[in-house]
Amino acid sequence: MTLYAEVILPLPVSQAFTYIVPEPFIGSARAGSRVLVPFSQRMLTGFIIGLRKRSPTPGIPLKEIAEILDGEPVFSSSFLSFSRKLSDYFYSSWGELLQASLPPSFILKSRTRLSLTEKGTAALEDRVLSEEEKKVLSFLQKKDYSLLFLKRRLHLKGLSALLSRLEKRGLVEIQRSMERIKKKRTLPVTGSQAQLELDFSLDAISRQTADRISASIKSRSFTRFLLYGPAEKRESVYFQLIKKSLEVRKKALFLLPEIALTQALREKFEKRLGERAALLHSRLSESKRELEWLRIKEGEAEVVVGSRSALFAPLDDIGLVIVDEEQDESYYQQESPSYDARKGAWLRAKGLGATLVYGSALPRISAFFRARKRGYLVNLEGKKERKKVEIIDSRRERRAISRKLVVRISERLKNKEPVLVFLNRRGYASYLFCSECNSVPRCQRCDIVLTFHKRDKSLVCHYCGYSTPVAVDCPDCGRRMSRSRALGIEAVEEELRDIFPQSRVRSLATDLSRDEQENVLRSYNRGNTDILVGTQLLARQTDLRPASLVVILFPEIILTLPDYRASERTFRAISRMMSFLGPGSDAEAIIQTALPDHFSIRLAASNDYRSFFLEELSFRRLLNYPPFSHLVEILFQGENLRNLARQSRRFMERVEKGSADIEILGPGLAPVPKVRGRARVQVILKASRKEILDDALREPMRTARAKKTVLVHE
DNA sequence: AGCACGCCGACT
DNA sequence: GTCGGCGTGCTC
């Protein structure tokens, strides 16, 4: 009797392939194990997801599994079902997701090595060859090369085809050999069992919260919470919960944004959890990450701390999943295989009957909404700090640094107090606004700010593609429209140096190397910088010395991005920047903006998340944006725009046929319409339920071949 | 993804 | 007339 295996491969196709399990492997083939299988011309590492006794596709000749790579499955059945749901939800390939959950050395592939045959050597001498053939053959004269190397070295189109022609003629030999299979490493046994020191003094509310969540961990059934409150309070609750989880002999998974995984935090975990904690994040070297992965797999780590990809930690007996700083967008992996670790944490916790805890001081609107509605919001808010804030209307000012600012900054400098100046990275393109009534042209259908296109003098909606000629005069009041003057931080830095020539001014942005960035930060933290100017990057720092004056310049830059969450992002950015204010009553923030009355700016200044939430929510409800709808953003990328436009249109026609209950915006140019010469076209779909989108997208997703990125908003 | 096949445009 | 572009389909 023949045994068949359903195998998932790390390809952008979601179907399983059936292979015959050869006689000697029948005992060792298990679901969740890696296998080596022949696939077309090459060998790939695949994953068995199921075994069956009968061929599902009689008539089709099946190939045999070449090798089974695992004695024990690398994936448990619960992990398989979790990862499958995750890939379904985010329209990404299951196989690629499985591949991404393993250390890179676990994936074996055949390598093509090319060598010149004797006949080939002879041909170089006396045969008539084309230029390209000569080029390839003479290259192989030196030594054998891999296909990949040749591709990089000789920029020839259709190299593969050329090579297979040469192979047929017997001039080159193409060998496909496996990369060396790594021996499974035996792990050093770590003997020390550090005693946990998790005694924390919690205030009454935190204690109550911890108790409530602990009860849920004990119950071992899926429950979720959103911890809303400041970082220190959340942290003490987390440690309490981890302790609880370990008490009931369940493991804990603790996710953090990459940036938060600083040295300080790492030490904290090591000190408190010792050998029981494993760390997984992208800054670890490949070998270190593999070592940690193996430790977790072997059951040696009881707590796994890590960033986004730690979601795939090989654990099954999880009692607690924590996702801290849930608002952080780095939880969403946009590159293939794309997924959102926050949703993933939900799927995993649910599948395992674990307790899920999200935490944030500034949760996403959607997350806060759901938590409130479904009763899992836990409030850790302390007494609300009133901060001294002043909003300056920049429209009345000539220069980026207003006179008032000059005065305030010089006061601080006189007292040798540090000053932080934030300026959000300027947009990729400008927009128009009326300097009189302040109105900014928006798309009527999407209520998104229209982007100014210089070349064809038009205003374009990057959401739905709507386009209109540039208005010279304001449609509301008839005055002349102005182009926003977008300033970068370099200009501000220059201006500050100009005004305060005695001061030490430095700036921080992503265009600096990592070393330079650290240099700038160290200098500021040590008091060797008087004024530090920075973008969002500066606002994301965790170990920044507080300043007694925080200057926020033009936060409306975010507000004018073509994104339905622009207000939310503005509110959060301002709040975060203000969090760097020192504790004294003397500390002060100054916001300089052309939109001083916008609710996101006003409410961020008064530190009022709840009012902001309510106001923003009513806007979302009005325009049917998440959390009142499900939204899927599809980005098509390709060499030529014409072709892309056609493909995206055809894609949309199929979606339209699939369901009448989907609102389609676009196709239109993406917010960044061209990246390194590649055109980008985007479509946005809205529906009341995710399943409506899933059903309508299933078919078009499989058949459309253009490169596409899908973002799911809920 | 990687590769083969097949149908339309610019050229030895 | 052919070469070769990429649009399409398939891989167990």
Side-chain angles (χ1 to χ4, degrees), chain A residues 2-22 25 29 34-68 87 92-100 104 107-114 128-133 146-152 155-168 174 176 335-338 636-651 654 678-679 699-709:
Chain A
T2 325
L3 186 66
Y4 300 90
E6 296 286 288
V7 174
I8 288 288
L9 297 168
L11 301 173
V13 290
S14 50
Q15 70 189 284
F17 294 88
T18 310
Y19 285 87
I20 294 167
V21 181
F25 294 157
R34 290 175 303 150
V35 286
L36 216 50
V37 290
F39 188 74
S40 149
Q41 299 300 299
R42 52 207 168 129
M43 280 287 185
L44 290 179
T45 300
F47 313 100
I48 302 181
I49 54 157
L51 295 162
R52 51 172 60 202
K53 302 220 166 95
R54 189 170 289 165
S55 166
T57 48
I60 296 180
L62 300 178
K63 291 185 180 174
E64 293 189 344
I65 288 175
E67 196 153 356
I68 293 185
S87 69
S92 44
S93 135
W94 190 12
E96 289 182 356
L97 222 48
L98 289 172
Q99 178 178 41
I107 307 299
L108 314 164
K109 279 187 196 134
S110 61
R111 268 225 311 212
T112 28
R113 285 206 83 75
L114 308 161
V128 197
L129 297 165
S130 76
E131 272 309 303
E132 295 187 338
E133 288 168 341
S146 74
L147 182 60
L148 219 71
F149 182 85
L150 225 63
K151 260 187 187 153
R152 264 199 291 265
H155 300 281
L156 290 176
K157 288 210 168 174
L159 179 64
S160 315
L162 178 69
L163 283 168
S164 55
R165 278 199 304 274
L166 289 172
E167 187 191 24
K168 263 182 211 140
I174 303 178
R176 291 167 219 275
E335 321 83 70
S336 181
S338 66
F636 297 86
Q637 296 188 76
E639 297 305 321
N640 78 43
L641 184 59
R642 194 189 223 98
N643 185 16
L644 214 56
R646 211 185 63 208
Q647 294 222 47
S648 60
R649 231 176 297 119
R650 205 161 34 189
F651 184 91
R654 281 186 210 154
R678 295 176 96 206
E699 198 55 36
M701 283 293 209
R702 229 199 11 243
T703 43
R705 65 198 50 267
K707 247 202 189 70
K708 49 198 181 310
T709 316

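Computed from a predicted structure; not experimentally measured. Per chain, numbering begins at 1; letters A, B, ... match sequence-line order.
Nucleotide dC6(C) holds its C1' atom 11 Å from the CZ atom of R646(A), rounded to whole Å. Rounding to whole angstrom units, CG of residue L9(A) and C1' of dC3(B) are separated by 15 Å. Here dC6(C) presents its C1' atom at 14 Å from NZ of K707(A), a figure rounded to the nearest Å.
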N/O donor to acceptor pairs below 3.5 angstrom from side-chain atoms of residues 9-20 of chain A, sequence neighbours left out:
residue: T18(A); atom: OG1; partner: E6(A); partner atom: OE2; Å: 2.8
residue: Y19(A); atom: OH; partner: P38(A); partner atom: O; Å: 2.8

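By the 4.5 Å heavy-atom criterion applied to side chains, S93(A) and P337(A) are not counted as neighbours. Here the side chains of Q637(A) and T709(A) are in contact, with some heavy-atom distance below 4.5 Å.
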If you restrict it to nitrogen or oxygen atoms, what contacts under 3.5 Å exist between nucleotides 10-12 of chain C and the protein, and what is each distance?
residue: dC12(C); atom: OP1; partner: S40(A); partner atom: N; Å: 3.3
residue: dC12(C); atom: OP2; partner: K63(A); partner atom: NZ; Å: 2.6
residue: dC12(C); atom: O3'; partner: T18(A); partner atom: O; Å: 3.1
residue: dC12(C); atom: O3'; partner: K63(A); partner atom: N; Å: 2.8
residue: dC12(C); atom: O2; partner: T18(A); partner atom: N; Å: 2.4

Taking only nitrogen or oxygen atoms into account, show me every contact under 3.5 Å that the protein makes with nucleotides 6-8 of chain B, one pair per line with its distance.
none

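Contact between F651(A) and K708(A) at its shortest, heavy atoms only, is CE1-CE, 4.2 Å. What you find for F47(A) and G95(A) is that their closest heavy atoms are CE1-O, 3.9 Å.
Judged as a salt bridge (Lys or Arg N to Asp or Glu O under 4.0 Å), and not counting sequence neighbours, R646(A) has no contacts. Partners of E64(A) under the salt bridge (Lys or Arg N to Asp or Glu O under 4.0 Å) rule, at least two apart in sequence or in another chain, do not exist in this structure. Applying the ring pair (Phe, Tyr, Trp, His ring centres under 6.0 Å) criterion to Y4(A), with sequence neighbours excluded, gives no partner residue.
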